[in-house]
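Below: the structure, in structure tokens.
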Amino acid sequence: MTLSLPPAAPRAARPGVVPVDPDRWPGVARPPRASAARTAVARLLVESAFARLPLRIRTDGRPTVPARRTGDDVPLPTLTLHDPAAFHRRIGADGLIGFGESYMAGEWDADDLVAVLTVLARHVDDLVPAPLRRFRGAWVRRRPRADRNTPDGSRANIRRHYDLSNELFALFLDPGLSYSSAVFDPLPDASGTLAGAILPDEVLTAAQHRKIDLLLDLAGTGPGTELLEIGTGWGELAIRAAARGARVRTVTLSEEQLALARHRVALAGFADRVTVELLDYRQIRGRYDAVVSVEMIEAVGADFWPDYFTALRRLLAPGGRVALQAITMPHERMLATARTHTWISKYVFPGGLIPSPEAIARESAAAGLRTVHDRGYGDHYAETLRQWRARFLREEAAVAALGFDAVFRRMWEFYLAWSEAGFRSGYLDVRQIGFTAGEDGGTAR
């Protein structure tokens, strides 16, 4: 089912600015209120930060601002401001939320969006001078309490992203609809023949299956395994586990995913081995030989990480194994963003928070789990996201035909590009982590 959207009533567009429906996009339709002084300070900070970065800044109708010398001849990415007044006003009012909303409104563009965002991600800690960082609170907002991942809140947050439209996700994912990092072999690189190409479906699917197989191996999945999956997606892992002879129970909070996953399981001939349920992880009962959860922890929220890891331990049968795939960020960055309302939390993943490796280690140990495997695949996620973004942009007309307007399309382009930049810069990583029950076999909670 496709998300029902009201007919657009766009405002008149200035050159370089996309039409914005104020009812659908109230935060984007017009720059927020901000005092002249606040806007002036934001402009000084932004211009000072850009001057220190390997970027070229261009304003329509004006000469390009010279970039900082890098000591080599590598071409530098260019950020073009179509409406600098609105751009600085948004940042003055809402910081990085305003930066993203300005892109959604078409007030700035880039010749290479990922390259520009990668520069910003690499220098995220240097954008504001150290003496001014103590005033960070004046530019950031607290996360809305309504976005907390209580049982009811989790259902609402998941609905806002994963229930957008199965058809939308099918346009840019592989045919198996895996919405998490693939593992490539080989990984395309700058010198490879596949560098920059949109990979054939069979290549991307093979990389997604490689990721799934690594997780199933880590969980010890084979004939007769009783496997629990927390976070169904569209069912590809459950189907692949059933093909190994496992009996699978998989749970989701997305009604759209539930319906399609059940359909795909039946088409694959595994309805007798796979049960798909609409259920919160906190409500699951039983014991399982293997528990697998792929990029689900990011939607849990820090307040509920103890509940999540306690559930993993409680649901594990004696001798069982947990296989977790998790996006991570450095611990200090996690602490800085834990209570901050970000562009991603406002528009893409409400209630979400990416954990640090330290947070995962601490919470899993407190719940009685012992880490037995930990390996990162950040470069592979960067390539996965590049593939998704390239496919999304290729299918722009089809996305529009589903009812998603130009602002939505720019929002998702920015989301996919910002995520790719996070992995290319090393700001983000993705890890496959294996756990067993602690030696005492118990739980600390």
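Separation of atoms CD1 (Ile327) and CD (Glu298) is listed at 4.5 Å; rounding is to 0.5 Å. Interatomic distance, His161 NE2 to Ser254 OG, rounded to the nearest 0.5 Å: 10.0 Å. Here the straight-line distance linking atom CE of Met296 with atom CG of Leu324 works out to 10.0 Å at 0.5 Å rounding. Atom-to-atom distance recorded for Leu228:CG and Leu312:CG is 8.5 Å, nearest 0.5 angstrom.
Between Arg386 and Val114, the closest side-chain pair of non-hydrogen atoms is not below 4.5 Å. Residues Leu173 and Trp388 form a side-chain contact, since some pair of their non-hydrogen atoms from C-beta on lies under 4.5 Å apart. When side chains are defined from C-beta on, Tyr288 counts as touching Arg249, because their heavy atoms get closer than 4.5 Å. Contact annotation: the side chain of Pro175 approaches that of Asp201 to within less than 4.5 Å [non-hydrogen atoms, C-beta and beyond]. Leu237 is listed as a side-chain neighbour of Val292, based on a closest heavy-atom distance under 4.5 Å. Contact annotation: the side chain of Arg431 approaches that of Asp374 to within less than 4.5 Å [non-hydrogen atoms, C-beta and beyond].
A cation-pi arrangement is absent between Arg314 and Phe309 under the rule of less than 6.0 angstrom and at most 45 degrees off the ring axis.
In terms of heavy-atom proximity, Ser154 sits nearest to Leu253 at CB-CD1, 3.7 Å. Annotation for Ser345 and His341: closest pair OG-ND1, 3.0 Å, computed over non-hydrogen atoms.
Under the 6.0 Å cut-off for aromatic ring centres, Tyr308 and Trp305 do not qualify, their centroids lying 6.0 Å or more apart. The ring of Phe99 has its center no closer than 6.0 angstrom to the ring center of Trp343. Aromatic rings from Trp412 and Phe408 are positioned such that their centres are separated by under 6.0 Å. Annotation: Tyr179 is in aromatic contact with Phe169 [ring centroid separation under 6.0 Å].
A side-chain donor from one of Thr250 and Thr232 sits under 3.5 Å from a side-chain acceptor of the other. Residues Ser364 and Arg313 have side chains that never bring a donor and an acceptor to within less than 3.5 angstrom of each other. Between the side chains of Lys211 and Ser181, no donor-acceptor pair of N or O atoms lies under 3.5 Å. Side-chain contact check for Asp429 and Thr328: no donor-acceptor pair (N or O, by modelled atom type) lies under 3.5 Å. Side-chain atoms of Thr340 and Thr337 form no donor-acceptor pair, as typed in the model, at a separation below 3.5 Å. Between the side chains of Tyr377 and Gln325, no donor N or O sits under 3.5 Å from an acceptor N or O.
Within a 6.0 Å sphere centred on CZ of Arg33, heavy atoms belonging to other residues, nucleotides or ligands number 12 at most. The number of heavy-atom neighbours closer than 6.0 Å to CZ of Arg375, taken from other residues, nucleotides and ligands shown, is 12 or below. For NE2 of His209, the number of neighbouring non-hydrogen atoms (other residues, nucleotides, ligands) closer than 6.0 Å is greater than 12.
Within the 3.5 Å criterion, the main-chain N or O of Glu256 finds a donor-acceptor partner in the side chain of Asn166. A donor-acceptor pair is defined here as one N or O able to donate and one able to accept, closer than 3.5 Å; such a pair exists between the side chain of Ser419 and the backbone of Tyr415.
Salt bridge annotation for Arg155-Asp163: absent, with no cationic side-chain nitrogen under 4.0 angstrom from a carboxylate oxygen.
With sequence neighbours excluded, the residues forming a salt bridge (Lys or Arg N to Asp or Glu O under 4.0 Å) with Arg339 are Asp303, listed by chain and number.
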* Asked: So Phe349 and Tyr162, side chain to side chain contact (heavy atoms under 4.5 Å, CB included) or not? Walk me through it.
  -> CA-CA 9 Å; Phe349 291 112; Tyr162 294 95; 3.7 Å; yes

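Residue Tyr381 forms a ring pair (Phe, Tyr, Trp, His ring centres under 6.0 Å) with just one option from Tyr427, Phe184, Phe423, and that option is Phe423.
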